[in-house]
Number of protein chains: 2
Amino acid sequence: MARAATTADVFNAIAEPRRREIIGVLVDGKEWAVGDVVKLVRLPQPAVSKHLGVLRRVGVVTVVKRGQHRMYRLNGAELKPVHDWAKTFEKYWTHQISRIKERAEQKAVERIGSALPSEAPDSDK
Amino acid sequence: MARAATTADVFNAIAEPRRREIIGVLVDGKEWAVGDVVKLVRLPQPAVSKHLGVLRRVGVVTVVKRGQHRMYRLNGAELKPVHDWAKTFEKYWTHQISRIKERAEQKAVERIGSALPSEAPDSDK
DNA sequence: ACCATATATTCCCATATAAGAATATGTCAA
DNA sequence: TTGACATATTCTTATATGGGAATATATGGT
């Protein structure tokens, strides 16, 4: 099986940075024509249309035809699952104790890292 | 350009459902041996190792060698960016008004959906 | 009818999966 | 050393990208 489709769920849809960028443009809650988004994100129009298509598929944006324009609007509620999921780990950054513990663990990892050849200074892949 | 690597950032890493499942197992903050994770998520060991590898690459988990086991622990702090990002859209589900507005928009979309042939009842792709 | 504008769609391609199978590596114990 | 156990790595394969280029499909204006 290959990687799940970008339209499989919200998590896959927002994995793409450009898409998060576009969502960032729409965050004001107003309607946005594709062309205006294009100007802001500096991407070719077809690319933006495709990204908006993915976001529409998962329900993160909605479209309304108006004249020759298609107005996109953010449907932020669809992002709630992401927030809820991430919120589960809040304790990891809110509790001071956790931070200290993580630091200690990080050091342990680094120690092992330098000890293991297969654990090279992460030259990334 | 193809899709960004799963190890490109946290957002890409957590896009995979199995990986979120594994993270869910580690959420208790304790150390987990690969074998124990395998039992819980019902996936072949190599698959789990690979997923853990991706999570380690992005820093979401840390590893410590102990005997013949490798103990993985969640480094939840790495998920904060996801939480912060999602939090940006909180207003979309906290404000009553927003909810009403979204409902209206949703209906509009459905209307268009049935009007456009290219907008079929989303038989998914 | 004709043209310009706005947006979507199609085709091609390099790339990266994720799962499965098989195998390698590492470690403990007798 | 040998074997059992734990985990990682390698290979293969089907599949889905995302970008670029080209083109198609509206829609409005004259």
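As the structure is a prediction and not an experimental result, all values here were calculated from the model. Numbers restart at 1 for each chain; the letters A, B, ... are given by sequence-line order, proteins then strands.
- Atom NZ in K50(B) sits roughly 7 Å away from atom C1' in dG20(C) (whole-Å rounding).
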Are M71(B) and R73(B) close enough, and set up right, to give a side-chain contact (heavy atoms from CB on, under 4.5 Å), and what steps lead you there? CA-CA 7 Å; M71(B) 311 305 292; R73(B) 189 192 293 259; over 6 Å; no
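- A cation-pi contact, defined as under 6.0 Å to the ring centre and within 45° of the axis, links R20(A) to F11(B).
- What separates CG of L55(A) from P of dA8(C) is a distance of 12 Å, to the nearest Å.
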Check the interface with nucleotides 22-30 of chain D: list each N/O to N/O pair with the protein under 3.5 Å, or write none.
unit_1	atom_1	unit_2	atom_2	d
dT27(D)	OP1	K65(A)	NZ	3.0

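- Between Y72(B) and the phosphate of dA6(D), there is no side-chain N or O to OP1/OP2 separation shorter than 4.0 Å.
- Side-chain atoms of E16(B) lie closest to dA18(C) of the nucleotides dA14(D), dT9(D), dA18(C).
- dT17(C) atom P lies 14 Å from atom CE of M1(B), rounded to whole Å.
- For the pair R56(A) CZ and dT7(C) P, the interatomic distance rounds to 15 Å; values are reported in whole Å.
- The nucleotide whose nearest atom lies closest to any side-chain atom of A47(A) is, among dA8(C), dA8(D), dG19(D), dG19(D).
- Checking the phosphate oxygens (OP1, OP2) of dT7(C), no side-chain nitrogen or oxygen of S49(A) falls inside 4.0 Å.
- Side-chain atoms of H51(B) and R18(B) form no donor-acceptor pair, as typed in the model, at a separation below 3.5 Å.
- The side chain of R3(A) contributes no N or O atom lying less than 4.0 Å from OP1 or OP2 of dT15(C).
- Here dT17(C) presents its C1' atom at 15 Å from CG of D9(B), a figure rounded to the nearest Å.
- When the side chains of ILVMFWY residues are joined at heavy-atom separations under 4.5 Å, either directly or via intervening members, L79(A) and V54(A) end up in two distinct hydrophobic clusters.
- Under the 4.5 Å side-chain heavy-atom criterion for Ile, Leu, Val, Met, Phe, Trp and Tyr, I14(B) and L43(B) are members of the same hydrophobic cluster.
- Taking atom CE of M71(B) as the reference point, atom P of dA6(D) lies 12 Å away to the nearest angstrom.
- Separating the CG atom of L43(B) from the P atom of dG20(C) is a distance of 8 Å, rounded to the nearest angstrom.
- Judged by closest nucleotide on DNA chain C, A2(B) is the one of A4(A) and A2(B) placed further toward the 5' end.
- For the pair R70(B) and dT27(C), the criterion of a side-chain N or O lying under 4.0 Å from OP1 or OP2 is not met.
- With dA19(C), dG18(D), dA18(C) as the choices, the nucleotide that has an atom nearest any side-chain atom of R18(B) turns out to be dA19(C).
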Pair up each side-chain donor or acceptor in residues 28-35 of chain B with any protein partner under 3.5 Å, not counting sequence neighbours, and list the distances.
unit_1	atom_1	unit_2	atom_2	d
D28(B)	OD1	K30(B)	N	2.9
D28(B)	OD1	W32(B)	NE1	3.1
D28(B)	OD2	W32(B)	NE1	3.3
E31(B)	OE1	R66(B)	NH1	2.7
E31(B)	OE1	R66(B)	NH2	3.4

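- One interatomic measurement links the two molecules: CD1 of I14(B) to P of dT17(C), which rounds to 16 Å at whole-angstrom precision.
- When each of E90(B), K91(B), H95(B) is paired with W93(B), the side-chain contact (heavy atoms from CB on, under 4.5 Å) condition holds for E90(B) and for no other.
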